[in-house]
Amino acid sequence: MKHRLILAALLASTTLTGCGLLVVGGAAATTAVVATDRRTTGEQVEDKTIVMKAGAETRRLLENKEGRINTTSYAGVALLTGDVPTQADKEEAARLVSKVDKVTRVVNELRVGEPTPLSVRSNDSWITTRVSTALLNAKDVPSRTISTTTERGVVYLLGRVTHEEGERAAIAASSVPGVNKVAKLFEYVSAESLAQPLSTNNQPSNTSGTAAPAAEPAPASSVEVMPVQ
């Protein structure tokens with residue numbers, strides 16, 4: 001009985017701390033994530049790997065240069081934010097990240113210019129926290145499957161949602177003080193598709209035995225922007 005109580009406590013702790021985060025290494029932890037995330041287990045692992053590999057590539061690019069590049073990945077869509085010294089650095093960053101395995105699209109929101117002050121970056125982190133709370137409290141918004149990041153007051157939302165959910169999420173994010181505008185980078189799905197069982201494998205997969213083509217940078221028009229009134 002004692003052993004059963006200890007096991008139950010460990011599982012409960014894993015469920016609470018793993019909710020909304022990528023946890024690798026245990027069936028109980030993985031179940032907790034998948035239950036609140038519309039990505040497959042494979043997609044979640046791949047996104048974590050994309051962030052790690054993209055970070056390594058961009059750090060080499062900015063070696064001995066002033067700048068910072070942050071990568072956010074959701075279902076293979078890689079968002080680049082931060083500051084780089086030149087336009088050439090911006091373009092090269094997108095090229096390098098597009099070649100990372102499993103990246104399907106690169107949204108290059110890098111800013112060319114002087115590094116953003118620490119005070120602004122700290123405020124961005126605070127905005128991200130408040131937006132995440134607003135999404136959690138908003139009605140009919142699948143907050144656990146939405147990734148949020150902020151750069152100079154611009155909030156970027158990534159996730160797999162219906163059009164109605166995406167609109168509600170953007171409205172909730174735009175209500176947070178300090179938000180200048182909201183950029184929606186959602187993958188839109190139908191409500192009917194959400195009723196289907198979530199596959200444990202990432203679909204579609206490349207089974208031809210040939211290397212997948214490198215992802216192309218997303219055109220500026222692919223980013224839906226909601227100005228804040």
Side-chain angles (χ1 to χ4, degrees), residues 17-23 44 47-74 77-98 100 103 105-138 143-159 169-186 217-218 220 222-229:
T17 58
C19 190
L21 299 175
L22 175 63
V23 181
Q44 293 176 56
D47 282 332
K48 185 178 180 69
T49 304
I50 286 170
V51 170
M52 294 174 60
K53 290 182 176 180
E57 293 289 346
T58 55
R59 280 193 296 273
R60 281 193 288 269
L61 173 65
L62 293 183
E63 190 173 7
N64 300 321
K65 298 179 183 180
E66 287 192 355
R68 61 187 179 87
I69 299 175
N70 302 316
T71 304
T72 305
S73 181
Y74 188 96
V77 177
L79 166 66
L80 303 182
T81 55
D83 314 297
V84 290
T86 68
Q87 180 65 28
D89 289 322
K90 176 178 179 176
E91 294 172 1
E92 180 64 6
R95 188 190 71 81
L96 291 172
V97 173
S98 72
V100 172
V103 170
R105 185 161 67 105
V106 178
V107 181
N108 191 353
E109 292 291 293
L110 290 172
R111 170 182 164 275
V112 177
E114 294 294 322
T116 299
L118 179 59
S119 58
V120 176
R121 287 153 52 192
S122 297
N123 188 59
D124 284 339
S125 296
W126 176 235
I127 289 174
T128 296
T129 299
R130 296 195 65 180
V131 168
S132 297
T133 301
L135 295 178
L136 184 62
N137 293 331
S143 60
R144 297 299 187 186
T145 197
I146 296 177
S147 177
T148 306
T149 189
T150 307
E151 183 69 25
R152 287 178 168 250
V154 179
V155 174
Y156 296 90
L157 302 177
L158 299 89
I171 292 173
S174 66
S175 69
V176 172
V179 174
N180 297 326
K181 60 183 178 181
V182 178
K184 296 185 288 182
L185 301 174
F186 291 130
S222 68
V223 180
E224 296 180 75
V225 177
M226 171 185 282
V228 176
Q229 301 298 326

Practice task
Only pairs at least two apart or in different chains count here, so list each salt bridge (charged side-chain N to carboxylate O under 4.0 Å, His left out) that has a residue in residues 49-61.
Solution key: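 Residue pairs with at least one partner in residues 49-61: E57-R60.
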
Residues that [X] engages under side-chain contact (heavy atoms from CB on, under 4.5 Å), provided they are two or more places apart:
X: E114; value: E66
X: E92; value: L61, R95, L96
X: S143; value: L135, L136

Mind checking whether [X] and [Y] have side chains closer than 4.5 Å, heavy atoms only?
X: L80; Y: T71; answer: yes
X: R152; Y: N180; answer: no
X: Y156; Y: T72; answer: no

Taking all atoms of both residues into account, what is the closest heavy-atom pair of [X] and [Y], and its distance?
X: V103; Y: A78; result: CG1-CB, 4.2 Å
X: I50; Y: S73; result: CD1-OG, 3.6 Å
X: V179; Y: A173; result: CG2-O, 3.5 Å
X: N108; Y: A94; result: ND2-CB, 3.4 Å
X: V176; Y: A134; result: CG2-CB, 3.9 Å
X: P85; Y: V112; result: O-CG1, 3.5 Å

Practice task
Return yes if some donor-acceptor pair links the side-chain N/O of D89 with the main-chain N/O of L62 below 3.5 Å, else return no.
Solution key: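 No; judged by distance alone, with no hydrogens or angles, the pair does not exist.
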
Practice task
Kindly say whether L79 contributes a backbone atom to a donor-acceptor pair with the side chain of Y74 at under 3.5 angstrom?
Solution key: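 Not confirmed, Y74 side chain does not pair with L79 backbone.
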
Practice task
If a pair satisfies side-chain hydrogen bond (donor to acceptor under 3.5 Å, both in side chains) and one of its residues is in residues 117-138, list it, with sequence neighbours excluded.
Solution key: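 Matches after skipping sequence neighbours: T128-T150.
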
Handout entry: Results of side chain to side chain donor-acceptor pair (under 3.5 Å) for R68 - residues two or more places apart only
Key =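 Per chain and number, R68 pairs via side chain to side chain donor-acceptor pair (under 3.5 Å) with D83, T116, E151.
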
Problem - Separation between CD1 of I69 and CG of L110, rounded to the nearest 0.5 Å - result: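 CG of L110 is found 5.0 Å from CD1 of I69.
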
Problem - Worked check of side chain to side chain contact (heavy atoms under 4.5 Å, CB included) between N70 and T149 - result: CA-CA 10 Å; N70 302 316; T149 189; 5.9 Å; no

